[in-house]
> 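Just dropping this structure here.
What you see is a predicted model; the values in this text were computed from it and never measured.
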Amino acid sequence: MKKIQIINGPNLNLLGVREPSVYGEQSFDSYLRSLKEMHPQFEIAYFQSNIEGELINKIHETGFSSDGIILNAGAYTHTSVALHDAIKAVTTPVVEVHLSNVYSREPFRHKSLIAAACKGIIAGFGLDSYRLAIEAVINL
C-alpha cells in the first residue's frame with residue numbers, strides 16, 4: 001500500500017473560514033475524507049502546523065518512508081530556505097501544492113523558495129489541487 005503524507009503549513013487550519021473567495025468554503029478535514037474515499041488503496045496521512053520547525057520535523061519523519069509528500073507550505077513557500085533544505089535532504093518526492101494561482105496574486109507570491117527542491121508544482125485548482133497531486137504521486 002502506497003503511503004502519501006499531506007503536510008499543510010500556516011493558516012491552512014482555517015480553510016473554510018479564511019478568505020472563502022480565495023480559498024473556498026470547505027474545511028480541509030471534510031475534503032480529506034473525500035480524498036480518502038477516492039483512494040482507499042492508499043494510506044493518506046495528514047499533518048498541519050503553523051510552525052515552520054514542525055513542518056521540517058514532519059518532512060524528516062516521513063521523508064524516507066512515504067511514497068510521496070504533498071506539501072502546501074503556505075506563506076513559508078516564499079520565505080523558507082530551511083524547508084527547501086529539508087525537502088532536498090529526504091528521498092521521498094515532494095509535490096508543492098497551492099489552492100490559489102499564486103501567479104495571479106501579489107508579486108511576493110510569485111517566488112517559491114521550495115519549488116527547485118520539489119518534483120513538481122500544482123496550483124490554482126482549489127482543494128482539487130491535492131487530488132491532482134495524489135495522482136502525480138501515484139504515477140511517479
Side-chain angles (χ1 to χ4, degrees):
M1 176 178 280
K2 279 197 175 198
K3 294 182 196 174
I4 298 171
Q5 176 69 55
I6 298 172
I7 301 174
N8 275 347
N11 301 311
L12 292 164
N13 56 306
L14 298 177
L15 288 176
V17 295
R18 173 189 177 210
E19 297 180 79
S21 63
V22 176
Y23 300 106
E25 296 182 1
Q26 187 176 13
S27 73
F28 192 80
D29 288 336
S30 68
Y31 184 71
L32 181 60
R33 283 192 294 278
S34 65
L35 274 180
K36 288 180 176 184
E37 288 171 9
M38 280 185 254
H39 299 287
Q41 71 277 32
F42 302 107
E43 181 182 325
I44 301 173
Y46 176 59
F47 177 80
Q48 188 278 328
S49 178
N50 294 316
I51 301 168
E52 182 180 25
E54 290 181 1
L55 300 175
I56 292 166
N57 287 343
K58 184 53 83 171
I59 291 169
H60 290 174
E61 176 189 324
T62 60
F64 296 96
S65 58
S66 296
D67 295 293
I69 294 174
I70 296 166
L71 174 62
N72 185 339
Y76 290 134
T77 300
H78 319 291
T79 63
S80 183
V81 173
L83 278 173
H84 170 98
D85 290 349
I87 295 164
K88 289 198 63 136
V90 299
T91 56
T92 297
V94 177
V95 176
E96 179 182 344
V97 165
H98 299 283
L99 297 166
S100 66
N101 178 353
V102 292
Y103 300 102
S104 68
R105 298 184 64 195
E106 304 92 340
F108 71 86
R109 296 186 194 277
H110 299 182
K111 177 71 173 167
S112 170
L113 295 184
I114 65 172
C118 291
K119 184 74 174 171
I121 302 168
I122 298 171
F125 297 97
L127 287 170
D128 202 38
S129 296
Y130 292 92
R131 180 190 59 81
L132 296 168
I134 287 174
E135 290 180 16
V137 167
I138 290 168
N139 292 310
L140 289 177

> Could you state the interatomic distance from CD1 (I51) to CD1 (I56), rounded to the nearest 0.5 Å?
11.5 Å

> Is the number of heavy atoms from other residues, nucleotides or ligands under 6.0 Å of K119 NZ greater than 12?
no

> Any luck finding a side-chain donor-acceptor pair between Q48 and N50 under 3.5 Å?
yes

> Are the side chains of L113 and L83 in touch, meaning some heavy atoms are under 4.5 Å apart?
no

> Specify whether Y31 and Y130 have parallel, tilted or perpendicular ring planes, treating 30° as the upper limit for parallel and 60° as the lower limit for perpendicular.
tilted

> Is I69 reachable from L32 through a run of hydrophobic residues whose side-chain heavy atoms are each under 4.5 Å from the next?
no

> Could you report the tightest heavy-atom contact between F64 and A89, atom names first, then the distance?
CZ-O, 3.4 Å

> How far does CG of D128 sit from CG of L35, to the nearest 0.5 angstrom?
8.5 Å

> Could you grab the distance from atom CZ of F28 to atom CG of L99, nearest 0.5 Å is fine?
8.5 Å

> Measure across I87 and C118 and return the closest heavy-atom pair with its distance rounded to 0.1 Å.
CD1-SG, 4.0 Å

> Would you check if the side chain of D67 reaches a backbone N or O of I4 as a donor-acceptor pair within less than 3.5 Å?
no

> Closest approach of A123 and S100, non-hydrogen atoms and distance?
CB-O, 3.7 Å

> For residues 132-140, please give each side-chain donor-acceptor pair under 3.5 Å, one per line with the distance, not counting sequence neighbours.
from, atom 1, to, atom 2, distance (Å)
E135, OE2, R131, NH1, 2.5
N139, ND2, E135, O, 2.9

> Give every residue pair that meets the salt bridge (Lys or Arg N to Asp or Glu O under 4.0 Å) criterion with at least one member in residues 35-51, sequence neighbours excluded.
none

> Would you kindly confirm whether Y76 and I121 end up in one hydrophobic cluster when ILVMFWY residues are joined by side chain heavy atoms under 4.5 Å apart?
no

> Looking at S129 and G126, would you say the former's side chain and the latter's main chain have a donor-acceptor pair under 3.5 Å?
yes

> Say whether Q5 and T62, considering side chains only, have a donor N or O and an acceptor N or O under 3.5 Å apart.
no

> More than 12 heavy atoms of other residues, nucleotides or ligands under 6.0 Å from CZ of F42: yes or no?
yes

> Given the rule in the side chain to side chain contact (heavy atoms under 4.5 Å, CB included) test, do I44 and I6 qualify, once you have shown the distances and angles that lead to the verdict?
CA-CA 7 Å; I44 301 173; I6 298 172; 3.7 Å; yes

> So, for P10 and L55, which heavy atoms are closest and what is the spacing to 0.1 Å?
CD-CD1, 4.3 Å

> Drop me the distance from L14's CG to S27's OG, to the nearest 0.5 angstrom.
11.5 Å

> Which of these, V97, V95, I59, sits in a side chain to side chain contact (heavy atoms under 4.5 Å, CB included) with L71?
I59

> Taking T77 for its side chain and G74 for its backbone only, find out whether a donor-acceptor pair lies under 3.5 Å.
yes

> Spell out, yes or no, whether L127 and I122 are grouped together once hydrophobic residues are joined by side-chain heavy atoms under 4.5 Å, including indirect joins.
yes

> Hey, are the side chains of E54 and K58 touching, using non-hydrogen atoms and a 4.5 Å cut-off?
no

